[in-house]
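Notes follow the structure.
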Amino acid sequence: MAASREATGNGLARTMANGHDPLSERIQIIDDEKRFTPELTSQIERWGLRDAGFNYNIVAVFGSQSTGKSTLLNRLFGTTFDVMDETKRQQTTKGIWMCRGKDMNIMVMDVEGTDGRERGEDQDFERKSALFSLASSEVLIINLWEHQVGLYQGANMGLLKTVFEVNLGLFGGKKAQDGTSGRTLLLFVIRDHIGTTPLANLQTTLTSDLQKIWDSLSKPAELKDRQLSDYFDLAFTALPHKILAADQFEMETRNLRGRFVDKANSGYLFKPVYHKRIPADGVAFYMENIWEQVQTNKDLDLPTQQELLAQFRCDEISAVALAEFNEQAKPQKRPIEGGKVVDGLGGMMRSWRTMALERYDRDASRYHQGVYKRKRSDLIASLDATLSPLFLGQLKNLHKACLGAFKKEILEGLKGEEYNFADVVSKAKAKCETEFATGAKESVVDDSEEGKTEWNWEEELELLKEEVKSVADQCRKDETKKMVNAIERNFKKQISEPVELALNRGAPNMWDQVLKAFRDTLDKAEATYLTKATSFNCTEEENAHSLAALRRRAWQVLRSKIDEQTADSIFVGRLRAHFEERFRYDEQGVPRVWKPEDDIDGAFKRAKDQTLELIPLYSKIVPQDSSMAYTLPPDAISSQDSGSSLEEAFDFESSLVVFSETKALDLAAKFRKDADLAYVEAKRSTVSSVAQ
Ligand code: GDP
Ligand code: MG
């Protein structure tokens with residue numbers, strides 16, 4: 001067969017059939033220097049078997065040199081192994097070659113030079129390649145000439161002894177943890193079967209020889225009762241002479257091929273029980289490890305090897321899944337850190353996570369279950385370590401956004417005149433909390449474990465509730481203040497007229513009237529406050545506080561009204577009017593025309609004295625009826641109302657005083673001047689009337 005050969009740097013070679021069909025490439029996995037190729041992984045990928053999972057088979061052939069092994073494999077599997085050139089009778093290279101079966105998921109190993117015993121050569125390689133083949137193959141073809149059957153001392157039997165021995169080491173002790181039995185099928189193919197001795201007889205001879213070999217093995221004590229059949233199934237077939245009975249040879253190889261390829265064939269050889277359960281993507285790593293162990297003569301037990309393989313592959317698969325996941329998660333980091341609430345973040349995070357785990361599960365679940373599961377929880381921890389900050393960031397941003405919306409909603413709700421504060425707040429509060437909870441729940445990645453702290457959002461909700469409450473409280477305070485101000489303005493309006501009226505009149509019960517008006521108006525104001533306050537959900541304490549402030553401010557309003565009405569000019573004017581009413585008009589209210597006989601002096605003195613009596617009346621807020629006296633309650637006196645500029649201690653008693661005594665004297669003096677003027681004028685009028 002024509003083949004091109006390309007040498008690689010380290011002396012290993014991969015050769016290709018003409019046409020460069022990667023499926024028909026072959027690879028020397030172990031060279032004559034007993035080195036393992038670094039290229040098996042990529043070769044398996046080129047064969048298209050990397051993702052085959054368990055859906056592939058491995059078969060290897062053993063037998064003396066030049067017994068037509070490669071020829072047989074090429075016939076059975078459509079492979080391209082070197083066949084010895086008839087004309088040159090050249091020895092083929094020692095080593096192990098591998099091909100992919102044509103149109104089948106079968107990796108075929110051609111083990112060359114396994115009869116060192118016969119050639120007195122390297123028995124070391126024989127043992128090592130036996131170990132290697134048993135650790136990976138489901139079916140081991142033992143190829144031998146018919147005339148070699150029964151030659152108990154022959155090379156084949158030596159080889160089988162090796163096979164049995166190493167098998168005990170591999171599978172004898174521990175059972176593989178994943179339940180594989182480590183069973184292998186030994187298929188004896190008897191070549192150049194002439195037919196005079198029926199296959200059944202050859203089979204009997206071989207079976208008893210095998211039994212003898214088995215019995216002669218020195219087994220470790222704990223395995224001394226183990227039978228050959230505990231580890232191996234035996235199958236036998238014979239092939240006619242390739243040249244002398246070419247047609248039958250072709251027909252029989254076709255039949256045998258069917259037993260490898262056709263699962264429905266009653267003699268199907270690749271029974272599931274023989275599978276070594278190495279996922280296709282791990283075969284290369286596994287084989288390389290096995291070979292390394294074999295080479296360094298370390299103890300080789302398959303369960304340990306499978307666990308090592310699983311650790312290596314699960315790490316690799318996990319890393320790939322994690323990298324993909326990180327690619328997906330990365331673009332969302334910035335907006336979250338920038339304070340944005342990312343819509344549908346939870347959905348995205350769940351899908352990245354699910355995809356990563358599915359990816360991992362797809363490839364890794366075929367490996368040693370303990371390792372697979374352990375690495376899976378490691379992967380979950382890594383995924384969640386990335387997701388958790390996104391989740392917490394989202395919560396924080398959501399918190400901010402909801403609080404902002406809450407404030408806006410309240411401002412909006414308090415815009416008009418007609419609103420119920422409590423309603424506005426409770427509606428906005430409910431909306432805010434619902435929005436937060438909805439957003440938070442959406443962002444939860446994994447709620448499968450109750451109370452898992454990673455995905456807890458209730459604490460953040462509690463914080464939000466607290467802030468909402470403090471905003472609402474502040475708002476309520478502002479609103480209450482606004483309302484108290486409005487009531488105060490209204491109070492001012494209402495108190496104005498009755499106070500002016502009473503002070504104008506200057507009746508002896510003037511203060512009784514003023515205080516009555518004050519009380520009535522204040523009562524109304526307080527009632528208004530209480531009615532409105534019900535919609536503010538104020539506490540008793542807050543209400544008491546507001547009312548105290550209201551009372552104090554009402555008193556303040558009254559006092560400034562009184563001050564306004566008793567300003568010097570106004571007051572002196574009022575005194576003058578009072579005086580004139582009595583001096584210039586008679587009892588009937590008719591203007592007096594003074595005649596000389598009139599008692600001007602007496603009238604003047606009466607009017608003046610009556611008027612001066614008013615000064616002490618106005619100078620202090622004292623009702624005639626002492627029960628009408630008003631005292632500002634102590635909490636109103638001490639009320640620290642930031643809305644008022646009067647923050648210093650308030651002296652209620654002194655606020656009852658309208659004029660000081662000096663002020664009273666001053667006012668009286670001013671009035672006297674006016675009165676004297678009126679007197680002079682009156683005197684002058686009598687003189688002029690006499691003169692007329
Ligand atoms: P290998 O060394 O065991 O791989 O043997 P090869 O497949 O290279 O074949 C060695 C020689 O035996 C070649 O010249 C083949 O043509 C020849 N050969 C192959 N199959 C048979 C067979 O079934 N009977 C006989 N007599 N010769 C065969
Ligand atoms: Mg060969």
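Whatever order the structure lists ligands and atoms in, that order sets their numbers, starting from 1.
Residue contact check: Lys242 has heavy atoms under 4.0 Å from atoms 16 (O), 19 (C), 20 (N), 21 (C), 22 (C), 23 (O), 24 (N) of ligand 1. Atoms of ligand 1 found under 4.0 Å from any heavy atom of Phe249, numbered from 1 in the order shown, are 23 (O). Near Arg191, the atoms of ligand 1 lying under 4.0 angstrom from a non-hydrogen atom of the residue are 20 (N), 21 (C), 22 (C), 23 (O). The contact set between ligand 1 and Thr67, taken as ligand atoms under 4.0 Å from a residue heavy atom, comprises 1 (P), 3 (O), 5 (O).
The pair Asp363-Arg313 fails the salt-bridge criterion, with no side-chain N (NZ, NE, NH1 or NH2) lying under 4.0 Å from an Asp/Glu carboxylate O. Using a cut-off of 4.0 Å between Lys/Arg side-chain N and Asp/Glu carboxylate O, Arg334 and Glu337 are scored as not salt-bridged. Ion pairing of Asp192 with Lys242 is absent here, as no side-chain N (NZ or NE/NH1/NH2) approaches a carboxylate O to less than 4.0 Å. Salt-bridge annotation for Glu146 and Arg191: absent, with no side-chain N of the basic residue lying under 4.0 Å from a carboxylate O of the acidic one.
In this structure, Phe81 falls outside the shell of residues with a heavy atom less than 4.0 angstrom from ligand 1. Using a 4.0 angstrom heavy-atom cutoff, Trp145 counts as in contact with ligand 1.
Using a 3.5 Å distance cut-off with no hydrogens or angles, the side chains of Asn57 and Tyr274 do not pair a donor with an acceptor.
Closest heavy-atom approach to atom 6 (P) of ligand 1 within the set Asp192, Asn74, Thr71, Asn143: this belongs to Thr71.
Here Lys69 has heavy atoms under 4.0 Å from ligand 1 in both its backbone and its side chain.
Among the backbone and side-chain atoms of Gln65, none of the N, O or S atoms lies under 2.8 Å from the Mg ion (ligand 2).
Note: Tyr231 and Trp214 have tilted aromatic rings, judged against thresholds of 30 and 60 degrees for the angle between ring planes.
Looking at ligand 1, you'll find an N or O of Gly68 within less than 3.5 Å of one of its N or O atoms.
A donor-acceptor distance shorter than 3.5 angstrom exists from the side chain of Ser377 to the backbone of Arg374, with no hydrogens or angles considered.
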